[in-house]
Amino acid sequence: MGVGGEKFQLGTVGALSLSVVSSVSIVICNKALMSSLGFNFATTLTSWHLLVTFCSLHVALWMKFFEHKPFDSRTVMGFGVLNGISIGLLNLSLGFNSVGFYQMTKLAIIPCTVILETLFFRKKFSRSIQMSLSVLLLGVGVATVTDLQLNAVGSILSLLAIITTCIAQIMTNTIQKKFKVSSTQLLYQSCPYQSLTLFLIGPFLDGFLTNQNVFAFNYTSQVVFFIVLSCLISVSVNFSTFLVIGKTSPVTYQVLGHLKTCLVLTFGYVLLHDPFSWRNILGILIAVVGMVLYSYFCTVETQQKNAEVSPQQVKESEAAPLISDSLSKVENGGGVADDEPLKVPMWSSKYSRE
């Protein structure tokens, strides 16, 4: 394995670790904010998260930590608005459905992503990968799904949330590779649209779900402290989300999300003394087995693809400038699949014609 490959692997591990630590931290922080302090305005809080993230990235740009790389404005706007809508729909799904059905909605994102990538990108998932994902979903389902109360409005909202979330996450990966932008550059340009979308719909959506006015809430010093802490952690969460999807895939990001779920359940029991049953323990153990199998099969298949590279391709890659190639791969989240022709999705018809 070359230096570029080692850097890419280290970057991927770092992105995954950052995503897990920051996500678990923000869940614990938000749980204290909402459960203990009664601040239940999730959509409005998310808009503040994204606004703080944009401001942080703007400071980083001013300090020249990354380079601003403008690209197609319509794509950025559509992507940002879609991300905001998907977050709003997930919150509505939780409001109209039982917790058990909401967990099933989150579980359905993986198979939906697999189907969309298979249909529109002709991406192939081996039987080993499919089996490991099935084990993972079974484990998370056993650990988290309790009741399954169905209703027509909630089911429609959940379906829309699944579809928009899958498309948004696939676009996160596709846009970074299509326009050769880094996760930081994409996040910086899409943040304003995401934040504005959620800021406009957030107060109405939160008011509808909680029967409270976010602007009339009693903002004590303790509430303000946890809001600021949550916003600061969200910078890391948002950055690592784009980084992970760009360096791996939307499916891998969803697998990582279920690892976070298991960790949150465990930390909730150990630190906050939440109720915990043998069903939770069994589900977490099954999910961990699924994650280990998924990681193993992904590693094996990646090594097989590397071994199948022809000598001619190796010579061509050696003829290219080594420094610029390795740096662009690490910066833009490139991997084994970067040499394959990019299959542009249906929402980018302008560029598919080109």
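These numbers come from a predicted model, not from an experiment.
The closest donor-acceptor contact from the side chain of S86 to the backbone of N83 lies under 3.5 Å. With hydrogens and angles ignored, the 3.5 Å screen pairs a side-chain donor or acceptor of S22 with a backbone N or O of S19. No donor-acceptor pair under 3.5 Å is formed between the side chain of S93 and the backbone N or O of L89. Within the 3.5 Å criterion, the main-chain N or O of F226 finds no donor-acceptor partner in the side chain of S230. Judged purely by atom type and a 3.5 angstrom limit, S240 uses its side chain to pair as donor or acceptor with the backbone of V237.
The two residues I170 and E117 make their nearest non-hydrogen contact at CD1-CG, 3.8 Å. Smallest separation of non-hydrogen atoms from T43 and G202: CG2-CA, 3.6 Å. Contact detail for G154 and F96: the closest heavy-atom pair is CA-CB, 3.9 Å. Nearest heavy atoms, Q185 versus F66: CG-CD1, 4.2 Å. Nearest heavy-atom pair across I129 and E301 is CG1-OE2, 3.5 Å. Between L61 and E67 the shortest heavy-atom distance is CD1-C, 4.2 Å.
Residues F41 and N213 are not in side-chain contact: their nearest non-hydrogen atoms beyond the backbone lie 4.5 Å or more apart. You'll find the side chain of F39 reaches within 4.5 Å of the side chain of Y219, heavy atoms only. The side-chain heavy atoms of V251 and F125, taken from C-beta on, include a pair separated by under 4.5 Å. Between W48 and I227 the shortest side-chain heavy-atom distance falls below 4.5 Å. Two residues are said to be in side-chain contact when any heavy atoms from C-beta on lie closer than 4.5 Å; K106 and Q254 fail this criterion. The shortest distance between side-chain heavy atoms of F239 and L18 falls below 4.5 Å. Between N238 and C191 there is no side-chain heavy-atom pair separated by less than 4.5 Å. You'll find the side chain of H49 reaches within 4.5 Å of the side chain of L45, heavy atoms only.
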Query raised in the report: side chain to side chain donor-acceptor pair (under 3.5 Å) between N40 and T210: does it pass, once the steps are laid out?
Result: CA-CA 7 Å; N40 297 310; T210 64; over 6 Å; no

Requested in this report: I would like to know whether Y294 and V135 meet side chain to side chain contact (heavy atoms under 4.5 Å, CB included); could you show each step before the answer?
Outcome: CA-CA 9 Å; Y294 177 79; V135 173; over 6 Å; no

Requested in this report: Please test Q169 against T113 for side chain to side chain donor-acceptor pair (under 3.5 Å), starting from the C-alpha separation and ending with a verdict.
Outcome: CA-CA 9 Å; Q169 292 184 358; T113 303; 5.1 Å; no

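Partners of T44 under the side chain to side chain donor-acceptor pair (under 3.5 Å) rule, at least two apart in sequence or in another chain, are D206. In this structure Y253 satisfies the ring pair (Phe, Tyr, Trp, His ring centres under 6.0 Å) test with no other residue, sequence neighbours excluded.
The cluster map of Ile, Leu, Val, Met, Phe, Trp and Tyr, joined by side-chain heavy atoms under 4.5 Å apart, puts V181 and Y193 in the same cluster. Hydrophobic clustering, with ILVMFWY side chains joined whenever heavy atoms are under 4.5 angstrom apart, groups M77 together with I85.
Shown are H68, H58, K69; of these, the side chain to side chain donor-acceptor pair (under 3.5 Å) with Y188 is made only by H58.
Atoms CG and CG, from L209 and L94 in turn, are 8.0 Å apart once rounded to the nearest 0.5 Å.
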